Number of protein chains: 2
Amino acid sequence: MSKKNLKKQQIIEAAIEVFSKNNFQNSTISQIAQKAEVAEGTIYQYFKNKEDLFFSIPVEKTKDFCRELELHLQGITGTFSNIRKFIWYYLYFFKMNPGYGRTLMLEMRVNKSFAKTKAYDSFKNLTDRILEIIKEGQEEGVIRKDVNIFITRQLILGILEHVVTRWLLKGETYDVLEHYQDVSDLVLHGIGLSKGE
Amino acid sequence: MSKKNLKKQQIIEAAIEVFSKNNFQNSTISQIAQKAEVAEGTIYQYFKNKEDLFFSIPVEKTKDFCRELELHLQGITGTFSNIRKFIWYYLYFFKMNPGYGRTLMLEMRVNKSFAKTKAYDSFKNLTDRILEIIKEGQEEGVIRKDVNIFITRQLILGILEHVVTRWLLKGETYDVLEHYQDVSDLVLHGIGLSKGE
DNA sequence: TATTATAAATGAACGTAATTCAATTATTTG
DNA sequence: CAAATAATTGAATTACGTTCATTTATAATA
């Protein structure tokens with residue numbers, strides 16, 4: 001890594017620490033500068049402003065998220081198994097990275113600027129991937145032809161976001177993976193009486 | 001209304017206008033004071049701080065939300081019809097109150113302090129109501145006995161929050177009620193092949 | 001290596017906005 | 001009507017993001 005990028009990385013490391021302890025509002029540039037052992041002005045050489053620095057944080061982590069998901073999906077056949085694995089992995093990743101979760105779920109995801117960030121581009125891979133799985137399922141005939149695949153994706157992402165957000169707001173006091181089976185079952189079969197998988 | 005509460009109401013009215021035009025961060029006390037025609041210091045007589053004022057805003061609106069939902073559910077029999085109506089009404093309310101939506105969905109719902117507010121207490125009525133509907137459905141036998149009713153609630157609230165949040169982030173450029181049928185169908189039947197309702 | 005040119009880093013200074021508080025004005029009470 | 005109490009005010013304080021003139025480090029050149 002070049003010398004310039006090294007210092008940039010130094011600042012990001014410090015920002016991660018500060019931003020995931022407090023939130024955006026309560027984190028200060030001077031705290032970050034101190035932790036990174038640079039002057040406050042230096043930060044503005046590398047980032048347009050506080051928000052720009054904030055949005056630079058989850059880029060790498062989100063790439064990891066997608067890369068490792070791909071690995072976990074390898075060798076799994078069958079649409080339902082893939083969806084189950086997707087749900088499991090999604091919850092697992094946040095369980096292992098609660099700081100990332102707090103920043104992404106409680107602050108970035110609800111910010112209008114987020115859609116324009118690099119982290120969002122990475123995150124889009126994730127949502128594209130689940131759409132692909134749904135599409136394949138429909139072609140294979142295990143998913144009804146008359147369901148809207150985009151709404152299906154929203155169902156899956158919706159419950160996952162809700163479950164993770166709730167867990168974070170409750171201070172991560174229980175295991176977010178606890179109900180992964182129930183979540184999968186509901187998504188796959190709905191709440192009505194079913195003839196089984 | 002007492003004279004004291006009148007002035008408090010005056011401040012809240014002004015705050016609603018200012019906070020739903022800009023967001024929390026970009027709204028200033030001085031803007032609100034000007035609109036309410038009081039001095040900045042007066043605001044601190046009625047509210048602990050900016051956040052406290054912010055959280056006082058959605059209390060009344062949320063009460064309306066619950067009250068009107070109850071009205072819409074009147075005279076509907078059958079669990080599935082009730083769930084459909086709940087979903088329709090939820091989307092409808094945000095369609096009619098986008099300013100409230102932006103404040104509640106994008107700012108309050110992801111704030112740890114929200115759970116301690118009066119608005120949250122009102123909102124809880126809403127989530128209690130859907131749980132009740134689900135419970136009744138299970139007792140009547142139209143909902144599978146083996147589904148977790150709490151996770152079922154999370155499924156419904158999850159997709160609704162996701163749909164509304166997406167719509168708000170996209171600048172309310174389409175009709176959020178557009179896919180209400182698809183959403184209901186998916187929640188009720190899941191994505192797997194089904195023998196029909 | 002010495003000199004110059006360019007880039008990076010600094011932190012004091014500035015502007016903005018939340019919050020406080022001593023002084024002022026309005027209202028109630030005896 | 002005077003004294004006591006409560007409400008209102010806005011200037012002062014404080015805190016923080018951002019800028020910029022100056023200094024320090026690095027690279028280029030001869």
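Letters A, B, ... are given to chains in the order of the sequence lines, protein chains preceding strands, and every chain is numbered from 1. Given the structure is predicted, the values throughout are model-derived calculations rather than measurements.
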query: More than 12 heavy atoms of other residues, nucleotides or ligands under 6.0 Å from CD of A/Q181: is that the case?
result: yes
- prompt: Can you check whether B/I76's main-chain N or O pairs, donor with acceptor, with B/N82's side chain at less than 3.5 Å?
  reply: yes
message: Distance check, rounded to the nearest 0.5 Å: B/F65 atom CZ versus B/F93 atom CZ?
response: 5.5 Å
- line: From CG of B/N49 across to C1' of C/dT20 the rounded distance in Å is 13 Å
message: Classify A/T28 by what it touches in the nucleic acid, base, sugar-phosphate, or nothing, heavy-atom distance under 4.0 Å.
response: sugar-phosphate
Nucleotide nearest A/Y44 when distance is taken to its side chain, options D/dT9, D/dT19, C/dA9: D/dT19
Candidate pair B/E172 and B/K95, rule side-chain contact (heavy atoms from CB on, under 4.5 Å), full reasoning: CA-CA 9 Å; B/E172 303 133 53; B/K95 175 180 175 169; over 6 Å; no
- request: Consider the side chain of A/K50, meaning its heavy atoms from C-beta on, and name the nucleotide among C/dT19, D/dG17, C/dT10 that approaches it most closely.
  value: D/dG17
- prompt: Cationic tip of A/K85 within the cone over A/Y92's six-membered ring, i.e. under 6.0 Å and within 45° of the normal?
  reply: no
Spacing between A/E37 atom CD and C/dA9 atom P, to the nearest angstrom: 14 Å
Close N/O contacts between protein and nucleotides 13-15 of chain C (under 3.5 Å):
none

- prompt: Going by number, which of residues 107-119 of chain B have a non-hydrogen atom under 4.0 Å from DNA chain D?
  reply: none
- prompt: Cut-off 3.5 Å, side chains only: do B/D52 and B/N49 have a donor facing an acceptor?
  reply: no
- line: Rounded to whole Å, the CD1-C1' distance (B/I43 to C/dT19) equals 11 Å
Spacing of A/Q31 atom CD relative to D/dC16 atom P, expressed in whole Å: 8 Å
- prompt: Just how far, in rounded Å, is P of D/dT8 from CG of B/L6?
  reply: 11 Å
task: Give the rounded distance in Å between these two atoms: CZ of B/F47 and P of D/dT8.
output: 12 Å
- line: Paired with A/I156, the side chain to side chain contact (heavy atoms under 4.5 Å, CB included) test is passed by just one of A/I130, A/T127, A/V183, A/L131, namely A/I130
- request: Would you mind listing every ring pair (Phe, Tyr, Trp, His ring centres under 6.0 Å) that reaches into residues 108-133 of chain A, with sequence neighbours excluded?
  value: A/F114-A/Y120
task: Look at B/K7 and D/dA7 and indicate whether a side-chain polar atom (N or O) is within less than 4.0 Å of OP1 or OP2.
output: no
- prompt: Does D/dT9 have OP1 or OP2 sitting under 4.0 Å from an N or O in the side chain of B/T42?
  reply: yes
task: Answer yes or no on whether A/K50 is positioned over the face of A/F19, meaning its NZ or CZ is under 6.0 Å from the six-membered ring centre and within 45° of the axis.
output: no
- prompt: Between C/dA18 atom C1' and B/L53 atom CG, what is the distance in whole Å?
  reply: 12 Å
- request: Could you work out which one of D/dG17, C/dT10, C/dA18 sits closest to the side chain of A/Q45?
  value: C/dT10
query: C/dA7 P sits how many Å from A/Y46 OH, rounded?
result: 13 Å
